[in-house]
Structures are given as structure tokens and as C-alpha cells.
Amino acid sequence: MTLKLSLVAAALLTLIAGAARAEDIQIAVAGPITGSDAAVGEQMRRGAEMAVADINARGGLLGKKLVLQVGDDACDPKQAVAVANKFAVSGVVFVAGHYCSSTSIPASAVYADAGIIEITPASTNPAYTDGPAQKGWINVFRICGRDDVQGKVAGSYIAQQLKDKPVAIIDDKTTYGKGLADETRKALNAAGVKEAINESINQGDKDFSALVSKMKQAKVGVIYFGGYYTEAGLIVRQAKEQGMNAVLLGGDALVTSEFWKITGASGAGTLMTFSPDPRNVPEAAPVVAEFTKQGYDPEGYTLYTYAAVQSYVAAATQAKTLNIDAVSKALHADKFSTVLGQIGFDAKGDVIGPGYVLFVWKDGKYAEIKS
Amino acid sequence: MSYFLQQLINGLALGAIYGLIAIGYTMVYGIIGMINFAHGEIYMIGAFVSLITFLVLGLVGISYIPLALTIVLISAVGFTSFYGWTVERIAYRPLRGSFRLAPLISAIGMSIFLQNYVQLLQGARVKTLPPVIQGGFQLMETNGFVVQVSYLQLMIVGVTVALMAGFTVMIAATPLGRAQRACEQDMTMAALLGINVDRTISTTFVIGAALAAVAGMMVTMYYGVIDFFIGFLAGMKAFTAAVLGGIGSLPGAMLGGLLIGLIEAFWSGYFSSAYKDVAVFGILILVLILRPSGLLGRPEIEKV
């Protein structure tokens with residue numbers, strides 16, 4: 001009996017200890033920690049962890065410590081809503097996430113209800129900010145670009161630089177992939193180029209040999225792919241295997257060295273659109289050095305997630321409160337110095353900053369194409 | 001014409017893999033009349049064991065390809081067969097003689113268990129293998145369209161044909177094959193005549209797992225990308241192949257596998273890849289309406 005009582009007492013103590021910890025400010029990062037896009041999930045987690053550690057080392061936010069929660073949505077809309085609800089009940093005030101547009105969009109409805117600021121480091125579908133702008137939500141921001149901009153850059157690059165070759169446009173039927181492919185098609189058609197092939201694939205499929213043969217038959221020279229890196233890598237690898245000499249142009253979802261692990265040398269020459277590499281921004285140098293010391297290359301969305309946390313903290317510091325209205329107003333109104341350089345947000349919550357440029361893959365790394 | 005030929009090659013390579021997995025379903029069904037839903041997971045384990053062995057060989061520095069392939073084959077078949085045997089021993093043998101649905105439920109449980117086990121052990125990330133065998137040759141060229149056959153596609157089809165041939169001989173002419181056929185017809189009678197029924201069934205599971213391991217190894221080399229979830233989709237397709245060909249029939253499983261591979265390739269090639277799974281399952285429904293026992297299956301006669 002005494003043993004049981006002491007167990008209860010111990011449990012109570014832990015509860016009280018837990019309550020005491022709630023004095024800290026809870027923030028969160030959410031993305032595909034598992035699943036086929038887990039490589040990007042890791043980028044986001046590492047970026048957020050480093051940002052929280054750095055901010056806490058400098059005294060935290062409003063005199064309190066930041067505590068980071070990690071949510072795994074596996075790029076699945078249902079799981080994203082569950083994660084969002086979990087954050088809402090555990091008192092999270094800010095979420096850096098999510099990754100896939102198909103998860104960020106449904107999650108933002110939960111965050112709007114719960115009064116949580118959401119800054120996505122990576123979801124590029126236009127509807128992510130367009131929808132909330134119509135509904136009058138004030139909590140949704142994005143620190144990366146939009147697919148209508150990205151698609152325009154990709155479309156006009158194809159129309160100008162690769163115009164003599166037949167073009168195939170492939171998407172993976174996801175919110176992000178199809179949205180991006182549609183924007184690119186629009187830009188391409190506006191420039192007077194008509195694509196030769198339009199196809200959709202299933203995310204999770206491994207065999208694209210029939211699709212590759214079809215493109216080979218149509219003498220396709222440029223494959224525009226709206227989708228994620230696993231399928232992109234498989235298409236490139238199987239195209240090379242069938243002796244096809246086409247260049248694949250993809251979106252920002254290809255910014256991970258996992259892409260190269262799938263393609264091997266056949267990935268050389270693959271193009272993608274992405275914002276100018278934040279690793280070269282002068283403000284990012286100390287953070288990049290810190291990551292390098294840990295043996296990690298802050299590629300892709302690592303620094304974007306870092307900057308998302310930074311901008312929230314900067315805005316809350318200016319507002320001197322965690323109140324969502326004040327923080328949201330500060331985010332819209334001001335410019336912040338982040339690892340991405342000076343950034344600000346427009347009325348919709350989209351970032352005001354660098355646009356998209358083209359990168360080319362070579363020897364396992366991507367480099368900006370200087371025009 | 002050459003385009004047709006290229007799609008034929010694509011479809012055959014894909015279908016051969018489905019067929020190899022489908023044999024595992026059909027064999028088990030033939031003998032004990034149950035669907036082994038964990039078979040797709042056995043194939044996934046075969047793929048993981050191959051990948052791990054390839055990576056270990058890379059670390060040790062064995063780069064002579066025939067040697068490396070032999071080692072990977074032995075290790076994949078060895079480990080995966082062990083898994084196949086264990087699954088039967090733990091999840092199905094205790095339930096033999098129980099009501100019909102019991103082993104089916106434990107098969108689904110086993111499938112979920114294996115999936116989560118690999119996810120926890122190996123992580124949920126996609127695993128990749130750089131191309132091991134590259135290249136191929138050009139078969140023919142018309143109007144600038146080159147029909148390309150990769151060495152791997154050739155290997156997949158070759159290995160499958162060889163395994164099928166060996167298998168047919170085994171069933172028809174070895175004591176093991178005779179014992180399997182006897183168990184299939186009447187398990188009690190077979191036991192009365194001195195056949196070790198339990199051992200025959202265990203051997204069947206081991207053979208099915210070994211074939212799935214070969215399929216897993218070839219998929220790992222062919223696509224170079226695997227994850228803990230591949231067993232589900234491949235298992236679905238292979239099970240469909242077994243049903244399409246007539247479950248319980250070995251040539252039927254192979255035929256079903258090839259048909260599904262070909263339908264996928266030609267549908268994507270001539271219509272649209274977006275709807276290829278719709279096409280596959282649509283044709284399955286058609287076949288089952290017209291021939292309920294599958295293409296090569298015999299109608300089941302209820303014994304009284």
C-alpha cells in the first residue's frame with residue numbers, strides 16, 4: 001500500500017514538474033520526419049533545433065526559454081491535422097511547418113482556430129496564402145516562394161533556353177506537384193511553346209519504364225516534373241537506362257542530396273528551380289559554420305526553417321507579447337534580419353525577398369546557374 | 001513496331017517480378033487453402049537483406065560483380081527463408097485445424113508486425129542503392145527510336161524463366177513435389193500414408209520466401225530505391241496476379257504476373273500512366289466475372 005501511495009505521489013510530482021515547465025514558451029516544427037520525404041523533414045528539424053538553441057543561448061524570448069516540439073506528419077494530410085490538434089492542446093504558440101502543401105493547408109485551419117502563428121519554410125502552393133487571405137485569417141505566413149512564381153521561372157527558362165526540344169510535363173497528382181506543373185504549363189504555353197506529352201504518375205510507384213519509353217518515342221528532350229525527389233530520381237535513372245538523352249527540370253522539392261543517391265551519375269545535368277542558395281548569404285555564415293562543425297551540410301530547407309523561427313522571435317520581441325494579433329501585425333509590418341538576409345512579409349503573408357533561380361546538379365551537389 | 005517491342009520488354013521485366021512473388025501466394029493457397037497476407041512483407045525483407053548485404057560488401061571492398069551477386073543472393077535467400085519458416089511456425093502452424101478465418105487474421109497481423117518491425121529497425125526513410133549493373137544493348141532501331149534492353153531486365157527475365165523451369169521439374173519429379181501434391185489433395189490421407197505434412201508445409205513456405213527474396217534482390221538492383229512499405233503494394237499486385245491466373249495454379253501465377261506487368265506497361269504506353277492501376281484492376285474484375293476461378297484455375301469442388 002505504501003509503495004502504491006508513493007508511486008501516486010511520484011506521478012503527481014512529475015505532473016507538477018510538467019506544469020512548471022509550461023512557463024517556457026512552446027513552439028514547434030512539423031514536417032515529414034518519416035516517410036519518403038524524410039530527408040527534408042530532417043532538414044527542417046535540424047534548422048529549427050539549431051535556431052532554438054541559438055536563441056536560448058542569447059537569453060530566449062521575452063525572458064523565457066523556448067521549448068521545441070517536433071511533429072511528424074509524414075506528408076499525410078490526415079496526420080498533419082492530428083499533429084496540429086496536438087500542438088493546439090499543448091499550448092504551442094508558433095509552428096514552423098509544414099513541408100508538403102497538402103499538409104500545410106489543412107493544418108492552417110486548425111492553427112487559425114487555435115490562434116497559432118504558422119510560418120511554412122517550404123510549402124509553395126499559392127493556395128496556402130491565397131485561401132487564408134480571402135477568409136481573413138491572420139496567422140498564415142510563408143518564408144519561401146510561390147509556385148506561380150516558380151512555374152513562371154521554369155516555364156520561361158524552357159521556352160528560352162531549351163526551346164528546340166519537345167517537352168513533357170509530368171506531375172505526381174499531389175497538391176504541390178500538380179500545382180507546380182500547372183503553373184509551369186501556363187507559363188510555357190503563354191510563351192508560345194506547346195508541350196508534347198502530359199502525364200500523371202502515382203506517388204510511391206517505382207516503375208516508370210513505360211512512361212520513359214513513351215517520352216522516348218515522342219523524342220522528348222525536356223522533362224518538366226512536378227513532384228518530390230524520390231520519383232524524380234527514379235525517372236532520371238530509368239530514362240538514362242533506356243538510353244534517353246533528356247534533361248529533367250524539377251522544382252524546389254529536389255533540394256536534397258538524397259536525390260543524387262538515387263540517380264547516381266545519371267543525375268548530372270538535372271535542373272531545378274530554387275531560391276538563391278541561402279548557404280551563400282553573408283548573414284548565414286556563422287550558422288553554416290556551426291552546422292558544418294556538427295558534420296551536417298545545411299542544404300535545402302534547413303536555413304529556411306531556421307529563418308522562420310528567427311522571424312517569429314524577432315516579431316514577438318518587437319511586439320513585446322505573444323498575443324497573436326500583435327505578433328501577426330509585427331510580422332506584416334516590419335523587416336527582419338535573418339539567415340536568409342533582410343526579409344519581410346506582404347499583406348497575404350508571402351515573403352518579400354529573393355525570387356527563383358535555376359540550379360544544376362553535378363557530382364552530388366547543386367550549383368546556381370549564373371546567367 | 002519498335003515502340004511496341006520496347007513496351008513489351010518493360011512489361012515482361014515488371015511482370016516477371018510480380019510473377020515470382022505471386023508463386024508464393026499461390027503455392028501456400030494450393031496446399032493449405034489460406035492467403036498468406038504476410039508474403040508481401042517477406043518480399044520487402046528480402047529487398048532489405050539484399051540492400052544491407054550489398055552495402056556491407058561495398059564496405060569490405062568486394063567489387064567483383066559475379067562474386068558480389070552470389071553472396072547477396074545466398075544471404076538474401078538464406079535470411080528471408082528463415083523469416084518465411086519462422087512466420088509459418090509462429091503464426092500459422094498453431095492455428096492449423098482451427099476455423100478457416102483464424103490463420104487469415106494472424107497473417108494480416110503478421111504483415112503489420114513485420115512492416116512495423118522493419119520500420120523501427122531500419123527507419124522510415126527511403127533507402128537507396130547506387131546502380132550495381134549498368135548499361136545494356138540496343139536491340140533495333142526504326143525511325144530514330146532505339147529499342148534498349150538493359151542487362152538487368154535481361155537478368156530479371158532470365159532468372160525468372162530458369163526458376164520457373166526448375167520449379168516445374170521439382171513439383172513434377174521430386175519426392176518433395178510429390179509430397180506437396182499429396183498434401184494439396186488430401187492432408188489427412190497424406191499423413192496416413194507416412195508423409196510428414198508439417199515439414200512439407202514448412203518447406204513450401206521456405207520456397208515461397210526464397211522466391212520472394214530473389215524478387216526483392218532484383219527490385220533492389222533494378223530500381224535502387226526501397227522502403228518498409230514496398231511489400232504492401234507489390235503484395236497487392238502479386239496477389240492479384242495469383243487470383244487472375246487462378247489461385248493454386250503455378251503456371252497461372254506466372255501468367256497472371258506477366259499479364260499485369262504487360263497491362264501496366266501497355267496502358268501507360270498507349271493511354272495514360274495516371275489510370276494504369278484502374279486498368280489492371282478493371283481487367284481483374286472482368287476476368288473474374290467471366291472465369292470466376294481465374295485463367296488457369298480449376299473450379300473448386302466442395303468435398304462432402
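Protein chains get the first letters and strands the later ones, always in sequence-line order, with residue 1 at the start of each.
- More than 12 heavy atoms of other residues, nucleotides or ligands shown are found within 6.0 angstrom of OH on Tyr296(A).
- For Lys206(A) (side chain) and Tyr222(B) (main-chain N/O), no donor-acceptor pair under 3.5 Å exists by modelled atom type.
- Along residues 258-267 of chain B, the residues that come nearer than 4.5 angstrom to chain A, judged on non-hydrogen atoms, are Ala265(B) in order of number.
- How far OG of Ser209(A) is from CD of Gln153(B): 6.5 Å, rounded to the nearest 0.5 Å.
- A pairwise comparison of heavy atoms in Thr128(B) and Lys261(A) identifies OG1-CB, 3.4 Å as the closest pair.
- Both the backbone and the side chain of Asp207(A) come within contact range of chain B, each with at least one heavy atom under 4.5 Å from a heavy atom of that chain.
- For the residue pair Ser273(B) / Glu199(A), a side-chain donor-acceptor distance below 3.5 Å is found, with atom types taken as modelled.
- Between Leu233(B) and Asp205(A), the closest side-chain pair of non-hydrogen atoms falls below 4.5 Å.
- Within residues 216-231 of chain A, the residues having any heavy atom closer than 4.5 Å to a heavy atom of chain B are Lys216(A), Gln217(A), Lys219(A), Thr230(A), listed by residue number.
- Under a 3.5 Å cut-off, the side chain of Gln7(B) and the backbone N or O of Ala210(A) do form a donor-acceptor pair.
- Contacts between Ala39(A) and chain B at a heavy-atom distance below 4.5 Å involve backbone atoms as well as side-chain atoms.
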Trace of the side-chain contact (heavy atoms from CB on, under 4.5 Å) decision for Arg237(A) with Tyr223(B):
CA-CA 8 Å; Arg237(A) 182 166 165 167; Tyr223(B) 301 127; over 6 Å; no
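- Atom CG of Asn189(A) has more than 12 neighbouring heavy atoms from other residues, nucleotides or ligands inside a 6.0 Å radius.
- Only the side chain of Ile230(B) comes within less than 4.5 Å of a heavy atom in chain A; its backbone stays farther off.
- Within the 3.5 Å criterion, the main-chain N or O of Phe271(B) finds a donor-acceptor partner in the side chain of Lys214(A).
- Taking OG of Ser213(A) as the start and CZ of Phe145(B) as the end, the distance is 5.5 Å to the nearest 0.5 Å.
- Environment of CE in Met236(B): sparse, with no more than 12 heavy atoms of neighbouring residues, nucleotides or ligands closer than 6.0 Å.
- Heavy atoms of other residues, nucleotides or ligands lying less than 6.0 angstrom from CZ of Phe79(B) number 12 at most.
- Both the backbone and the side chain of Gln242(A) come within less than 4.5 Å of a heavy atom of chain B.
- Of the listed residues (Ser200(A), Gly264(A), Ala38(A)), the one with the most heavy-atom contacts under 4.5 Å to chain B is Ser200(A).
- Within a 6.0 Å radius of NZ in Lys173(A), other residues, nucleotides and ligands contribute more than 12 heavy atoms.
- Counted within 6.0 Å of CZ on Phe232(B), heavy atoms from surrounding residues, nucleotides or ligands total 12 or fewer; the atom is thus considered open.
- Contact tally against chain A (heavy-atom pairs below 4.5 Å) for Gln119(B), Gln134(B), Gln148(B), Gln138(B): the top residue is Gln148(B).
- Contacts between Leu234(A) and chain B at a heavy-atom distance below 4.5 Å involve the side chain alone, from C-beta outward.
- Here the CG-NZ distance, from Asn202(A) to Lys276(B), works out to 6.0 Å after rounding to the nearest 0.5 Å.
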